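Notes for the one structure printed next.
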Amino acid sequence: MKNQKDLFLYNTLSGKKEKMTPLVEGKIGMYVCGPTLYSEPHMGNMRTFINFDMIYRYLLHLGFSVKYVRNITDAGHITNSLGNAEDAIGKAAKLEQIQPLEIVYKYNTKFQELQKIYNLLPPSIEPTATGHIQEQIEIIEKIIENKFAYEVNGSVYFDVRAYSEKFQYGILSGRKIDELAEETRELNAQEEKRFFADFALWKKANPEDMQIWRSPWGNGNPGWHIECTAMSTKYLGAKFDIHGGGMDLKFPHHEDEIAQSCGSYGTQPANYWLHANMLNVNGQKMSKSLGNYFLPKEIIEGSTTIFDKAYDATTVRFLMMQAHYRSNMDMSSESLLAAEKGLQRMFEAVELSKNLALSEKSTFDVSEIVASFYTAMNDDFNTPILIAKMFDAVRLINLINDGKETITKADLETLILEFKLFLFDVLGMPANESKSDNRLSPVMDLVLDLRQNARGNKDWTTSDKIRDGLAVAGIVVKDGKDGTIWQ
RNA sequence: GGUCUCGUGGCCGAGUGGCUAGGCAGAGGUCUGCAAAACCUCGUACGGCGGUUCGAAUCCGUCCGAGACCUCCA
């Protein structure tokens, strides 16, 4: 069932689901655009990273050897096309009165913490833009050499018209240059540019810039898009398998990355472009400028007024896994609560499965269920379907427990193994089991034994007192047919 | 204005030309000392209007509504 050749993914480039064929069999190179660390990443940012973490996990699960590169943008980029605004990191630095890299360091520390809290696997490497200025300059030089860029007054711009004669600008986002021209009716104040769609590869330094680098064109800053081209090329080569990022990066960021790669190395960087959809708040994209965002920490601390109570990171992650990565999703107290309860059922089934009665034969087809897990995920990482299939398995486990279905030892082992692999390794739910403290266990045995005696004597007052007392300590007691369990 | 996406039952959220998605919530039942859990049954959903078709929520057109991108953005 674990067949690498059955994987299909939706490629933004073609607008279709395509069979995944790596450049080198068994190996995958994946680049994902990471955060710009001028502030703490919000929940919407996290959703993208959680989704690509899931994708990374599934690729690993299929046995691919994956090199996963996710950059950190720590060089400031001018915030609008006019070029007269400050870069976000520089702005934050001035505001907080510390160095730009202190800003980045500060927020990167938080970002790293969040990755642990939300159970993200660390990428193979997290390269930084400032650590690759030289590589960026070299690519710019190549583009100039190829006559797809020009220098004006200490800045370098990508020449979209020249590029369009050999390549198709707009291939990813479906944009046409002449249409773009009509659309951009204002804001053409960028006099240095020869053509409105040209974009900066290198910007001459402003006197107030806090980060400045030397280049063949004088002191300045790299353009926003060039860092990804430089780092993906360095770590994955000019051509690699998967490039991912948020939908909002499709244009212009990813479009321009393609132009830069074609303009320098004559090849598109990635075979497959994956785009994760946005997280909404009340139907609108979460964004800093709208102010409708909340932080990943606020939700687990319960310090945002948007939700009725605190929800842990696992619940949030599970809720996100219940939506497809290409759909946009909203979060509400109701949906979080539903996820919390649903996940609880999953975990309880895992516990329950440890003590199921075994039979001579199984009354259902385990291999079919397990196959359905793979079918779901192979279809463009359809986690909602996967979860639905897993709930089917949960139901079966409960039915076995009720004696209404039976299972053999071998089938149970297969089912549990695969179930856990998908729950913990693929969906990334933390496997915090075996937490059943060795010292607590005998104590509980004793307490429950006492309660059982009371129940035997129909001393309900005592038995309920024990149950209520344990409830206060967060221990739930459930009386089943074959004894009492606690958690 | 241009390009594009979406509109599914109380909520979240998949999918599909005809066959029950799933979770949560709700109703009834089984079990239980009670409770919890579990299991069973139930609501007969696909924005409006046309069209294609034996048959459409699924394809086409149109209208309404929401959103994304076109400018920094995961």
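Since the model is a prediction, treat every value here as computed from it, not as a measurement. Side chains included, hydrogens not; waters and symmetry mates left out as well; all remaining heavy atoms used. Order of the sequence lines sets the chain letters (A, B, ...), proteins ahead of strands, with each chain counted from 1.
- If Val394(A) and Asp330(A) are placed on RNA chain B by their nearest nucleotide, the residue sitting closer to the 5' end is Asp330(A).
- Distances from the side chain of Asn398(A) to the nucleotides C69(B), C39(B), A14(B) place C39(B) closest.
- If you check every strand for non-hydrogen atoms under 4.0 Å, Lys285(A) touches a base.
- Between Asp459(A) and Lys465(A) there is no salt bridge, since none of the side-chain N atoms of the basic residue sits less than 4.0 Å from a carboxylate O of the acidic one.
- For Met321(A) and G13(B), the CE to P distance is 14 Å, given to the nearest whole Å.
- Within the 4.0 Å cut-off from OP1 or OP2 of A38(B), at least one side-chain nitrogen or oxygen of Arg345(A) is found.
- Here C72(B) presents its P atom at 19 Å from CG of Asp74(A), a figure rounded to the nearest Å.
- Within 3.5 Å, a donor on the side chain of Arg467(A) pairs with an acceptor on the base of A35(B), or the reverse.
- Comparing the P positions of C31(B) and A21(B) gives a spacing of 30 Å, expressed to the nearest Å.
- Rounded to the nearest Å, the gap between the P atom of U5(B) and that of G10(B) is 28 Å.
- Look at CD1 on Ile475(A): it is 15 Å from C1' on A36(B), rounded to the nearest Å.
- Spacing between G67(B) and A25(B) at atom P, rounded to whole Å, works out to 30 Å.
- Between Lys288(A) and Glu40(A), none of the side-chain N atoms (NZ, or NE/NH1/NH2) sits under 4.0 Å from a carboxylate O, so this pair counts as no salt bridge.
- As judged by a 4.0 angstrom heavy-atom cut-off over every strand, Leu336(A) is placed among residues making no nucleic acid contact.
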Practice item. Show your working on ring pair (Phe, Tyr, Trp, His ring centres under 6.0 Å) between Phe318(A) and Phe347(A) and close with a plain yes or no. Key: CA-CA 12 Å; Phe318(A) 189 68; Phe347(A) 282 139; 8.2 Å; no
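- With hydrogens and angles left out, the side chain of Asn401(A) and the base of C39(B) share no donor-acceptor pair within 3.5 Å.
- His42(A) and Phe294(A) have their aromatic ring centers separated by at least 6.0 angstrom.
- A donor-acceptor contact under 3.5 Å is formed by the side chain of Arg175(A) with the base of C69(B).
- Whole-Å rounding puts the Met320(A) CE to G22(B) C1' distance at 19 Å.
- Within the shown strands, A68(B) is the pairing partner of U3(B) under the Watson-Crick or G-U definition, both distances less than 3.5 Å.
- Around atom NZ of Lys458(A), no more than 12 heavy atoms belonging to other residues, nucleotides or ligands sit under 6.0 Å away.
- Straight-line distance between the P atoms of U20(B) and C6(B): roughly 25 Å, to the nearest whole Å.
- At the heavy-atom level, Thr36(A) lies under 4.0 Å from the strands shown only through sugar-phosphate atoms.
- Each of Arg455(A) and Ser287(A) has a nearest nucleotide on RNA chain B; the 5'-most of these lies closest to Arg455(A).
- Partner assigned to A45(B) is none, using Watson-Crick or G-U wobble distances below 3.5 angstrom.
- With contacts defined as side-chain heavy-atom distances shorter than 4.5 Å, the pair Phe52(A)/Leu274(A) qualifies.
- Using a 4.0 Å heavy-atom cutoff across all strands shown, Met286(A) reaches at least one base atom of the nucleic acid.
- Put simply, CZ on Arg326(A) is 15 Å from C1' on A68(B), counting in whole angstrom units.
- Regarding contacts with the backbone of G15(B), a side-chain N or O of Asn382(A) is found under 4.0 angstrom from either OP1 or OP2.
- C12(B) sits 30 Å from U3(B) when the C1' atoms are compared, rounded to a whole Å.
- Comparing atom distances between the Arg395(A) side chain and each of A35(B), G22(B), C39(B) picks out C39(B) as nearest.
- Put simply, Phe49(A) does not rest on the base of A74(B): the two rings are not both less than 5.5 Å apart at their centres and under 30° in tilt.
- With A37(B), G23(B), C34(B) as the choices, the nucleotide that has an atom nearest any side-chain atom of Lys478(A) turns out to be A37(B).
- With both pairing distances under 3.5 Å, A25(B) is matched to nothing as a Watson-Crick or G-U wobble pair.
- For the P atoms, the distance from U52(B) to U44(B) is 30 Å, rounded to whole Å.
- Computed from coordinates, the Glu255(A) CD to U3(B) C1' distance equals 12 Å when rounded to whole Å.
- The side chain of Lys404(A) lies closest to C39(B) when the candidates are C39(B), A74(B), C12(B).
- Taking every side-chain heavy atom of Asp402(A) into account, A38(B) is the closest of A38(B), A74(B), C40(B).
- Rounding to whole angstrom units, CG of residue Asp392(A) and P of G22(B) are separated by 7 Å.
- Using Watson-Crick or G-U wobble geometry with both donor-acceptor distances under 3.5 Å, C34(B) finds no partner in any strand shown.
- Distance noted for atom C1' between C49(B) and C64(B): 10 Å (whole Å).
- At the heavy-atom level, His42(A) lies under 4.0 Å from base atoms of the strands shown.
- Counting non-hydrogen atoms under 4.0 angstrom, Asn280(A) reaches nothing in the nucleic acid.
- One C1' atom belongs to G65(B), the other to G28(B), and the distance between them is 38 Å to the nearest Å.
- Counting non-hydrogen atoms under 4.0 angstrom, Asp464(A) reaches a base of the nucleic acid.
- Rounded to an integer number of Å, the gap from CZ of Phe422(A) to C1' of G22(B) is 17 Å.
- Residue Met329(A) is classed as a sugar-phosphate contact, given heavy-atom separations below 4.0 Å to backbone atoms only.
- Using modelled atom types and a 3.5 Å distance limit, the side chains of Asn221(A) and Asp87(A) yield no donor-acceptor pair.
- Using a 4.0 Å cut-off, some side-chain N or O of Lys341(A) falls inside it from OP1 or OP2 of A25(B).
- Nucleic acid contact for Gly245(A): sugar-phosphate only, since backbone atoms but no base atoms lie under 4.0 Å from a heavy atom of the residue.
- Closest contact between the side chain of Thr48(A) and the listed nucleotides A74(B), G67(B), C69(B) involves A74(B).
- Within 4.0 Å of Leu337(A), counting heavy atoms only, lies no atom of the nucleic acid at all.
- Here G18(B) sits opposite C54(B) as a Watson-Crick or G-U wobble pair (both hydrogen-bonding atom distances under 3.5 Å).
- When heavy atoms are screened at a 4.0 angstrom cut-off, Ala323(A) is found touching the sugar-phosphate backbone but no base atom.
- Checking the phosphate oxygens (OP1, OP2) of C12(B), no side-chain nitrogen or oxygen of Ser332(A) falls inside 4.0 Å.
- Residue contacts shown for Val477(A) include a base, since a base heavy atom lies under 4.0 Å away.
- For Gln284(A), the side-chain atoms get nearest to A68(B) when compared with the rest of A68(B), A21(B), G22(B).
- Looking at Asn11(A), its side chain does come within 3.5 Å of a backbone N or O of Trp273(A) through a donor-acceptor pair.
- If you look at Tyr107(A) and Tyr38(A), their ring centroids are not closer than 6.0 Å.
- Because its NZ or CZ atom is not both nearer than 6.0 Å to the ring centre of Tyr31(A) and within 45° of the ring axis, Arg70(A) does not count as a cation-pi partner of that residue.
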